[in-house]
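Each remark here refers to the structure printed beneath this line.
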Number of protein chains: 2
Amino acid sequence: MDDFDLGTFIKDHRKKAGLTQLELADLAGVGKTTVFDIEKNKETVRLNNLLAVLRVLNIKLEFKSPLNK
Amino acid sequence: MDDFDLGTFIKDHRKKAGLTQLELADLAGVGKTTVFDIEKNKETVRLNNLLAVLRVLNIKLEFKSPLNK
DNA sequence: TAATTTTTACTGCTATAACAGTAATTGATG
DNA sequence: CATCAATTACTGTTATAGCAGTAAAAATTA
């Protein structure tokens with residue numbers, strides 16, 4: 001849930017996509033600082049910015065609860 | 001991925017947990033406005049605030065990509 | 001229907017995320 | 001090693017999310 005390292009996860013996918021932080025930032029329409037912060041697991045980033053980055057990298061979000069499992 | 005209605009998803013889980021927006025906000029350590037915004041799908045909320053709410057409701061996040069599937 | 005609770009909406013104010021710019025490290029590549 | 005590219009780090013400024021407070025609108029309950 002939480003100890004999952006989203007930063008490196010994104011970093012790895014960015015690398016595999018052959019993108020630099022700046023390129024990813026431009027594609028996602030965010031500043032380079034934001035991409036840097038995300039890869040450093042800064043949790044105060046805004047959801048829309050994170051989603052924009054995930055979209056570029058073709059990463060999907062799923063919400064799982066014991067209920068609707 | 002994206003058309004998923006996170007707001008009502010969270011709202012439903014909050015109801016099932018028998019919590020009001022204010023109670024959920026207090027438990028999560030955020031303001032009531034933030035809970036309200038999240039349930040209204042305001043995507044500019046900060047990730048840490050969203051995570052705090054998800055934690056209270058026992059909802060887990062998963063990131064899926066075509067690669068590590 | 002009246003009373004109570006909950007949700008939605010709006011308002012200043014404050015804290016800070018996001019930004020561009022710059023610079024210093026680190027990492028590749030020749 | 002030297003050069004260039006990429007990443008990390010820090011800065012001042014600006015835009016805005018988050019907040020408490022209040023109030024009005026829905027929903028719930030008696």
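Chain A is the first sequence line, chain B the second, and so forth, proteins listed ahead of strands; every chain is numbered from 1.
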Report yes if a side-chain nitrogen or oxygen of [X] is closer than 4.0 Å to either non-bridging phosphate oxygen (OP1 or OP2) of [N]; otherwise report no.
X	N	answer
A:Lys11	D:dA6	no
B:Asn49	D:dG18	yes
B:Arg14	C:dT6	no
B:Thr44	D:dA17	yes
A:Thr34	C:dC19	yes

(message) Counting the atoms with a prime plus P, OP1 and OP2 as sugar-phosphate, which does B:Thr33 contact under 4.0 Å by heavy atoms, base, sugar-phosphate, or nothing?
(response) base
(message) Return whichever of A:Glu39 or B:Gly29 has its heavy-atom-nearest nucleotide of DNA chain D closer to the 5' end.
(response) A:Glu39
(message) Checking contacts here: which listed nucleotide (D:dC19, C:dT6, D:dT8) is nearest the side-chain heavy atoms of A:Gln21?
(response) D:dT8
(message) Counting only side-chain heavy atoms from C-beta out, which of C:dT8, C:dC19, C:dA17 sits nearest to A:Val30?
(response) C:dC19
(message) Heavy-atom nearest nucleotide on DNA chain C for B:Lys15 versus B:Arg46: which residue maps closer to 5'?
(response) B:Lys15
(request) For A:Asp5 and A:Thr8, test the side chains for any donor-to-acceptor distance below 3.5 angstrom and give the result as yes or no. (result) yes
(message) Please report the interatomic distance CD(B:Glu39) to CZ(B:Arg14), rounded to the nearest 0.5 Å.
(response) 4.0 Å
(request) Answer yes or no: side-chain N or O of A:Lys32 and base N or O of C:dG21 forming a donor-acceptor pair under 3.5 Å. (result) yes
(request) Of all the heavy-atom pairs spanning B:His13 and B:Ile59, show the shortest one and how long it is. (result) CG-CD1, 3.9 Å
(message) Could you check whether B:Glu43 pairs with A:Arg46 (Lys NZ or Arg NE/NH1/NH2 to Asp/Glu carboxylate O, under 4.0 Å)?
(response) no
